[in-house]
Q: 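Below: one structure in structure tokens.
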Amino acid sequence: MPVKRERGGGGGSRKRRATTEDEQPIVKAEAATAASTPSVSSLPAGVTAVRLLWTDLAGLRRCRVIPASRWPGVACGSSPVRLARACAALQSTVDACCGEAEISGVVGDVSLFPVRPAARLPWCGAHAVALCELRKLPDPEEEGVEGWRGEEEGEERREDEDPKEEEEQRRRLVQECFSLCARGTARRAELVAARASPPMAFRFGFETEFKLSRRNKEGSGEFADPGSYCHSAVLDAHLELLDAIVSAVDQLLCNAGIDDARVEQWHVEAGDGAGSGSAVFEVVTSHAALVDACDALVLTREAISQVARRGGFDAIFLPKPDGDGAAGLGCHAHFSAYRKETGENLTFDVTGKWRRRRLAEKAAAVAESLATVMAEATAAAAEPTVGESLAAGVCSRVRALLFFTACGPTSHLRLKPNCWSGAPSADPRASDWGPANKEAPLRVLRDRCEFKPADATANPYLAAAALVSAALAGVARGERLPPPRKATATTTSPSSSAPAASAPPPSAADEAEAALRRAEAALGEWASADGGGLFSSRDLFSIFTQEAISTLIALRHADLEAMRGWSYEKIRERLSLLY
């Protein structure tokens, strides 16, 4: 089904300059910067209602709906939609607030501020959706003060802009965004990266994995046909629905003005195997600027969920939705960093393989300058590249990053060896990266890196911001990659590591809490590098607010406490329709 475009101008496809095998791709710096200013023009014809969509700290998509007549006032900030502060940190198990009462309690409001155009929903033409940030409401005594909207519409950042202007922009962002706004955190990550040394812009792409569950007469779910990786028969069995899903995703991203993010491919992913489980499907969206890519991921999940439901299925993104099979559902994050001045891909050739090959060829071709070339090669080996330090920063903080990327009650069940999940090694001294190693947490490719232990229970804005924070920490300290991992984390198979039949079954909540405390401990170790406690970390708190971290910790524990005594089946039943 062809995608009908509603937006004029630039179109949806991004032209890429052809490159040879050894040539480094160049991306314009401005192409790696998110455009977040919404259009306040009229709604698409026939739209009668607008859904104001945000993602809370638990990673759940939530929305308010307003009539089309109210959209102009909401879009320009003159007639804000108020929301209780508690709505930013509701538990996934129950609609109850947690964290510090003065930050996320029942007293006080924030506003839902649209940061993208209202995009018509492909599956419901009378409704549009607008992604929102949570903004502080102005002081009641300061009448007529509107929330900051970022750069004015149509205004581009000058290359020679004063760094003080960037610092002022960050200060205003912190001042206007609610401290628990996840999207605001991701935007701060962009600003911090832009003033790093060297100034950088990050781009992300995501793999969205899901299962289809059909409701039977008794109300319980029946998963789609089992199948193996890239099995064509399973694809054909659900072809009509999958085509509708992919078409809706592409159309919605186009309508929302996210020009770089488009569906690149879709297929049947590795599941539990034919005859023993159910099929896993994957939709891959292309790289875009950090915030744009997170916006695209939120809309991708929204489109998959709604179109699947109209086809008689529930789309399930929960990391382990159906027991202890071999593989679960992830959301692998591919990321790359570009030098803002030149557009040079800093994550190109992280390991130096291609650079060494070019130097060797140069030495063979120009024998008379061999000494100079060898000196250059020696210097290149002695000092880490920015790309290597970026990857090393993420690699050395894998366990801490799990707090942001794989934090749900069933996430730890997916992170096992031989499950294609990027499980960290049991030995913290072991290496957690590898060139093209699909079992390593950090997979280093020719022109980008892939972080595998991430799933749909994570808030994508916070996960991306945490990855950027770790990468920048590696650059600031000139970190180097350890020797790569050559195999999986352990040679023990999942089946042989299962508890004995006579052992009592472990508590699902206790297991999840143990995993959470390990991630918190790793987060504390990361912060202690600055010589203080968790809340003294310069790496984290140049991007995150202290309120966001403390509330996130409280939210994780409150969710698990609410599940205390629940069986795995009950946890799965409660969360499957939420994620």
Q: For Ala189, give me all partners under side chain to side chain contact (heavy atoms under 4.5 Å, CB included), at least two apart in sequence or on another chain.
A: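 By the side chain to side chain contact (heavy atoms under 4.5 Å, CB included) rule, Ala189 matches Leu290, Ala465, Val468, Ile543.
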Q: Shortest non-hydrogen contact from Asp292 to Ile258?
A: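 Taking Asp292 first and Ile258 second, the nearest heavy atoms are O-CG2, 3.8 Å.
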Q: How about Phe404 and Phe544: are their ring centres within less than 6.0 Å of each other?
A: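 Yes, ring centres under 6.0 Å apart.
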Q: More than 12 foreign heavy atoms under 6.0 Å from CZ of Arg82: is that the case here?
A: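 Counting other residues, nucleotides and ligands, CZ of Arg82 stays at 12 neighbours or fewer.
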Q: Looking at Gly408, is its backbone amide N or carbonyl O close enough to the side chain of Thr457 to form a donor-acceptor pair, meaning the two atoms are under 3.5 Å apart?
A: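 Such a contact is found between Thr457 side chain and Gly408 backbone.
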Q: Return the set of residues passing side chain to side chain contact (heavy atoms under 4.5 Å, CB included) with Glu240 (not counting sequence neighbours), or none when no residue passes.
A: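 For Glu240, no residue satisfies side chain to side chain contact (heavy atoms under 4.5 Å, CB included) once neighbours in sequence are set aside.
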Q: Are Leu329 and Glu269 side-chain neighbours, meaning at least one heavy-atom pair lies under 4.5 Å?
A: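 Side-chain contact under 4.5 Å: no.
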Q: Can any side-chain N or O of Thr185 pair as donor or acceptor with the backbone N or O of Cys181 at less than 3.5 Å?
A: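 Pair found, side chain donor or acceptor close to backbone of Cys181.
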Q: How close do Phe317 and Glu209 get, heavy atom to heavy atom, and via which atoms?
A: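 Result for this residue pair: CD2-O, 3.5 Å.
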Q: Test of understanding: with salt bridge (charged side-chain N to carboxylate O under 4.0 Å, His left out), list the residues that count as partners of Asp236, not counting sequence neighbours.
A: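 Counting only residues at least two positions away or on another chain, Asp236 forms no salt bridge (charged side-chain N to carboxylate O under 4.0 Å, His left out).
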Q: Could you tell me if the side chain of Leu552 sits less than 4.5 Å from the side chain of Arg556, heavy atoms only?
A: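 Heavy-atom side-chain distance check passes, below 4.5 Å.
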Q: For Arg574, what residues pass the side chain to side chain contact (heavy atoms under 4.5 Å, CB included) criterion, not counting sequence neighbours?
A: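 Arg574 satisfies side chain to side chain contact (heavy atoms under 4.5 Å, CB included) with Trp566, Leu578 only.
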Q: Tell me, please, which residues at least two apart from Cys124 pass side chain to side chain contact (heavy atoms under 4.5 Å, CB included).
A: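 Side chain to side chain contact (heavy atoms under 4.5 Å, CB included) list for Cys124, sorted by chain: Arg51, Leu121, His127.
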Q: What is the minimum heavy-atom distance between Ala458 and Thr405, and which atoms define it?
A: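 Where Ala458 meets Thr405 most closely, the heavy atoms are CB-O, 3.4 Å.
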Q: Assess Arg183 against Phe113: is NZ or CZ under 6.0 Å from the centre of the six-membered ring, and within 45 degrees of the ring's axis?
A: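 Geometry flag: not set, cation outside 6.0 Å or 45°.
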Q: Quick one: does any side-chain atom of Asn345 pair with a main-chain N or O of Asp447 as donor and acceptor, under 3.5 Å?
A: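 A pair under 3.5 Å: yes.
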Q: The criterion is salt bridge (charged side-chain N to carboxylate O under 4.0 Å, His left out); which residues satisfy it with Arg309, sequence neighbours excluded?
A: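 With sequence neighbours excluded, Arg309 shows a salt bridge (charged side-chain N to carboxylate O under 4.0 Å, His left out) to Asp314, given in chain and number order.
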Q: When you measure from the side chain of Thr545 to the backbone N and O of Ser179, does any donor-acceptor pair fall under 3.5 Å?
A: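 Yes, because the side chain of Thr545 sits within donor-acceptor range (under 3.5 Å) of the backbone of Ser179.
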Q: Are Glu450 and Lys452 within salt-bridge range, i.e. N to O under 4.0 Å?
A: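 Counted as a salt bridge, because a side-chain N and a carboxylate O are separated by less than 4.0 Å.
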